[in-house]
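Heads up, the thing below is written out as structure tokens.
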Amino acid sequence: MCGIIGIVASSNVSGQLLESLQRLEYRGYDSAGIATLSNGELDRRRAKGKLQALIDVVSTSPLEGQVGIGHTRWATHGAPSAINAHPHLSGRVAVVHNGIIENYVALKADLMASGHVFESDTDTEVVAHMIEAALASGAAPLEALKSTLDRLEGAYALAVIVEGENDLVMGARRGSPLVVGYGDGEMFIGSDALAVGPFTNRITYLEEGDYVAINRESARIFDAEGNSVERAKHTVASSAVLVEKGNYRHFMEKEIHEQPDSSQHTLARYIDPVAGSPSEHILDFTGISRLQVVACGTAYYAGLVGKYLIEDIAGIPVDIEIASEFRYRNPVMDPGTLTVAISQSGETADTLAALRWCKERGLRTAAIVNAHQSTMAREADIVLGTYAGPEICVLSTKAFTAQIVVLISLAIAGARQRGRIDVATERRYVRELLEAPRLIAQTLSIERQIANLAQDLMRSCDMLFLGRGVMYPMAMEGALKLKESSYIHAEGCAAGEMKHGPISLIDDVTPVVVLAPSDELFDKTMSNLREVIARSGPVTMITDAEGAARAPSEVRVIIVPTGPKLINALIYAVPLQLIAYHIGVCKGTDVDQPRNLAKSVTVE
Ligand code: G6P
């Protein structure tokens, strides 16, 4: 998965291309490149590494031209290198691509047999050669694009410029998102609204199979069959301000601190505080006998938290599976199943494929998504938006807690609709959920203590996170966050399962973080904690005031606010995120863009 941008303007576009790539860096950041038509001729600059490397190249060797394309890469085919960085050229054509061309080996063999010489190891380069070959045989640019698209298998969002075409950028999408942005005397195509956000908030989201030609004034859009089509224009909320770091050092820090607001904004959509109940539109559970959650990464752990709460409160069976596994087996689904995809981006390839798999079998689908115009949001029967705002740090924080807010709201709504709880209990749950923004804000005040803890833990090679009940998925999420932010190996374990294996990892240098709210599982968790202490493991216990009063003297205690059990996942998310953030910062990792990761994983 990568980010792409294409611009036709009436002044030099290289600055705009780089600005857009900054917004797109969350999609990949192992190399970047831009190409323009400079005095009618193709020219490009590319660099391995973060975007700054390309910015440096362009500042020493500027690129002129009013028509251009740009790309930020997350390598799939071919190592991260300048040679494999996009744009790829062939003759008059330059191409940037997000996705994977699955039949590129066969296409490349054909092209090489007819004399084409390739310079990169990428799948993308075939696209440039195919368009060039079509142009050489007399096709007009759009025809050349269309005939190429017809032969591609796999997923793509493409932006293409052609030497001699000084008022044209072409684009196409299948499987990867692409938007058209409408400016004044300038036009854009880009991977998403953020890509074109610095220049316009007037957007068209292309449909699956669409291709497009933009010039300075307008866009011509065609469907997969080549018919000219109209697609709706949207005015998106101006997000330019939201994607700045403000006074924070990192987006991760900013997004952790935004959680009182992001949870509040999400709550406001799902909870009617006056009625004391979930909003009517949330979900009609009639005919739904089971939920099947599919998700990846952090969204999967949110789903697991949801499973515990929905089964407990609403009594609705919830199965949950990692999307990349679900899609490649034959899960047994009955007609009463509602599939719930959870995804910040709404574009994760595996989650999307799992959602489509269910749709194709006639099952109802819902998507809990933060990107409201994403492919999942458009394809699911029911959209349950999270309102966390743009999340830029590759590590998901505020989207995660917003997903949990939606899942708790669903649990309450399901419980009420199915008669599992009475009105008074519903009101109590709603009151408790409404406490979340305040308690998250209060929890953030422990940041200094966590920063000190991070100094002590930063040299660890391994760490264990333990928890029971909802704190078990939270332990796994804490471990994932730490791995991503600091490259420290970490595992999240069910506290009770520790004795069946992970306990062999305990020694006097492996820190153990125990999540232990003072609930009915507290004593059980304490027994496991003592098993660690008995083996000299250094323990940090995250608990509330009552738990702290009962903590063994050997452990370091971090006290978080005492919350209702219903929202403990939201409270305990904060110290876990702060531990990952501060250890990453102490170690000097680029926490917003850790190595090898990308925010939006649009490949399998
Ligand atoms: C990537 C990101 C994770 C994220 C996961 C799922 O792996 O690095 O932070 O949790 O994708 O992304 P989604 O957009 O579907 O929530």
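Indexing begins at 1, ligand by ligand and atom by atom, following the structure's order.
Of all protein heavy atoms, the one lying nearest to atom 7 (O) of ligand 1 is Val601 CG2, 3.8 Å. Remark: minimum distance from atom 12 (O) of ligand 1 to any protein heavy atom is reached at Thr348 OG1, 3.3 Å. Here the protein heavy atom with the shortest distance to atom 16 (O) of ligand 1 is Gln344 N, 2.7 Å. Residue, atom and distance of the protein heavy atom nearest to atom 2 (C) of ligand 1 are Ala598 O, 3.5 Å. The shortest contact between atom 5 (C) of ligand 1 and any protein heavy atom is with Cys296 O, 4.0 Å.
Using cut-offs of 30° and 60° for the angle between ring planes, the Tyr387 and Tyr270 rings count as tilted. Using cut-offs of 30° and 60° on the angle between ring planes, the pair Tyr104 and His77 is perpendicular.
Scanning both residues, Thr365 and Ala380, for their nearest heavy atoms gives OG1-CA, 3.5 Å. Nearest heavy-atom pair, His97 versus Ala155, reported as atom, atom and distance to 0.1 Å: NE2-O, 3.2 Å.
Among Ile342, Thr298, Leu480, the residue whose heavy atom lies closest to atom 4 (C) of ligand 1 is Thr298.
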Derivation of the side-chain hydrogen bond (donor to acceptor under 3.5 Å, both in side chains) call for Thr386 and Gln403: CA-CA 6 Å; Thr386 48; Gln403 287 158 356; 5.6 Å; no
Candidate pair Lys481 and Glu477, rule salt bridge (Lys or Arg N to Asp or Glu O under 4.0 Å), full reasoning: CA-CA 6 Å; Lys481 281 280 91 75; Glu477 166 61 6; 2.7 Å; yes
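The shortest N or O to N or O distance between Ser345 and ligand 1 is under 3.5 Å. By the 3.5 Å distance cut-off applied to N or O atoms, Val394 is counted among the residues near ligand 1.
Proximity to Ser343 (heavy-atom distance under 4.0 Å) selects the following atoms of ligand 1: 13 (P), 14 (O), 15 (O), 16 (O).
Side-chain N or O atoms of Thr72 include one that pairs as donor or acceptor with a backbone N or O of Gly28 at under 3.5 Å.
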